[in-house]
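Just so you know, these numbers use all the heavy atoms, side chains as well, and skip hydrogens, waters and symmetry mates. Along the sequence shown, residues are numbered consecutively beginning with 1. Worth saying up front: this structure is predicted, and the values here are computed from it rather than measured.
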Amino acid sequence: MTEREPARGPEQRKQDVLDRLEKDEDVWVATASAAGVPCLVPLSFVWDRGTLLLATRRTNPTAVNVTPSGQVGITLGHTRDVVLIEGTAEIVEGADLPAGSGDAFATKLAWDPRGRSAWVYLRVTPYTVKAWREVNELAGRELMLDGAWLV
């Protein structure tokens with residue numbers, strides 16, 4: 001049995017989440033169809049202006065599922081360092097994406113879906129963020145509620 005690290009305080013957890021949003025390249029994205037059929041896929045992302053910017057083919061279930069409600073679940077990390085984000089997604093066409101956002105995506109991920117008609121961007125605005133590593137961090141795992149950071 002390994003010795004567990006002490007629980008991080010809320011400020012450190014928030015900073016760790018922001019660091020992961022800046023540095024990580026991939027997240028798991030969960031959506032559901034209008035009929036309730038779940039879909040879970042990995043997508044690359046960039047943290048841009050307080051939102052997650054992802055890209056997928058416009059015909060993929062993830063993009064299709066976003067249209068009815070806009071609700072998505074996003075997960076970063078592994079089971080011993082979890083970041084759970086609930087948010088609202090909107091479809092953004094490449095031509096409508098601000099140049100700075102498209103440039104940030106292309107630079108970080110080394111590919112640029114702008115100008116590819118089969119692709120759309122998903123801009124996800126978080127409204128809930130939770131983060132924890134072990135059971136000793138379950139209390140106080142909520143870092144954002146209703147779109148506002150608690151710390």
Side-chain angles (χ1 to χ4, degrees), residues 2-34 36 38-56 60-94 96-114 119-151:
T2 61
E3 186 175 321
R4 297 196 176 156
E5 293 185 29
R8 297 169 292 169
E11 294 83 7
Q12 185 61 54
R13 285 191 215 188
K14 179 183 177 186
Q15 187 58 57
D16 290 348
V17 167
L18 292 172
D19 289 346
R20 300 224 37 200
L21 288 167
E22 286 295 328
K23 296 175 185 171
D24 286 12
E25 293 184 356
D26 302 308
V27 292
W28 286 100
V29 180
T31 60
S33 71
C39 176
L40 180 66
V41 297
L43 292 176
S44 299
F45 79 100
V46 65
W47 180 241
D48 178 58
R49 304 169 195 207
T51 65
L52 292 100
L53 185 64
L54 311 100
T56 189
N60 284 351
T62 302
V64 173
N65 292 349
V66 162
T67 305
S69 72
Q71 292 183 318
V72 298
I74 294 179
T75 304
L76 291 102
H78 52 82
T79 58
R80 300 289 176 160
D81 191 5
V82 178
V83 177
L84 294 179
I85 299 170
E86 295 175 353
T88 304
E90 63 177 316
I91 302 285
V92 181
E93 297 290 337
D96 297 331
L97 190 69
S101 297
D103 293 346
F105 188 95
T107 299
K108 179 179 180 183
L109 302 170
W111 73 285
D112 191 347
R114 289 177 289 188
W119 291 81
V120 292
Y121 289 91
L122 305 178
R123 184 174 294 281
V124 178
T125 303
Y127 56 79
T128 301
V129 176
K130 299 176 184 175
W132 71 94
R133 289 187 178 154
E134 299 282 345
V135 69
N136 65 348
E137 290 191 356
L138 289 177
R141 65 184 169 258
E142 293 86 7
L143 300 175
M144 176 187 282
L145 292 174
D146 298 324
W149 290 103
L150 301 175
V151 291

Under 3.5 Å, is there a donor-acceptor pair between the side chain of N136 and the main chain of E5? yes
R133 versus D16: any side-chain heavy-atom pair under 4.5 Å? yes
side-chain contact (heavy atoms from CB on, under 4.5 Å) partner of L53, the single match among V92, V46, V124, L122: V46
Between OG1 of T56 and CG of N65, what distance do you get to the nearest 0.5 Å? 10.5 Å
Considering only heavy atoms from C-beta outward, does the side chain of V27 approach that of I85 to under 4.5 Å? no
Rounded to the nearest 0.5 Å, what separates atom CG in D103 from atom NZ in K108? 15.0 Å
Locate the shortest heavy-atom distance separating P61 from C39; write the atom from each residue and the value. CB-SG, 3.8 Å
Test side-chain contact (heavy atoms from CB on, under 4.5 Å) on F105 and D48; report intermediate values, then the result. CA-CA 8 Å; F105 188 95; D48 178 58; over 6 Å; no
Pairs of donor and acceptor atoms involving the side chains of residues 139-151, under 3.5 Å and at least two apart or interchain, shall be tabulated with distances.
residue : atom : partner : partner atom : Å
R141    : NH1  : L138    : O            : 3.0

Hey, is R8 close enough to E137 for a salt bridge, meaning N to O under 4.0 Å? yes
Shortest non-hydrogen contact from F45 toward L21: CE1-O, 3.3 Å
Sequence neighbours excluded, which residues qualify as salt bridge (charged side-chain N to carboxylate O under 4.0 Å, His left out) partners of D26? none
Measure the OH-OG distance between Y121 and S101 for me, rounded to the nearest 0.5 Å. 9.0 Å
Could you grab the distance from atom CG of D19 to atom CH2 of W47, nearest 0.5 Å is fine? 12.5 Å
Check A63 against V120 and note the closest heavy-atom contact, atom names and distance. CB-CG2, 4.2 Å
Drop me the distance from I74's CD1 to L43's CG, to the nearest 0.5 angstrom. 8.5 Å
Do the non-hydrogen side-chain atoms of V64 and S33 ever get within less than 4.5 Å of each other? no
CG of D81 to CH2 of W132: how many Å apart, nearest 0.5 Å? 10.5 Å
Could you tell me whether R123 and D96 make a salt bridge, using a distance below 4.0 angstrom between a side-chain N and a carboxylate O? no
Donor-acceptor pair, D112 side chain versus R114 backbone, under 3.5 Å? yes
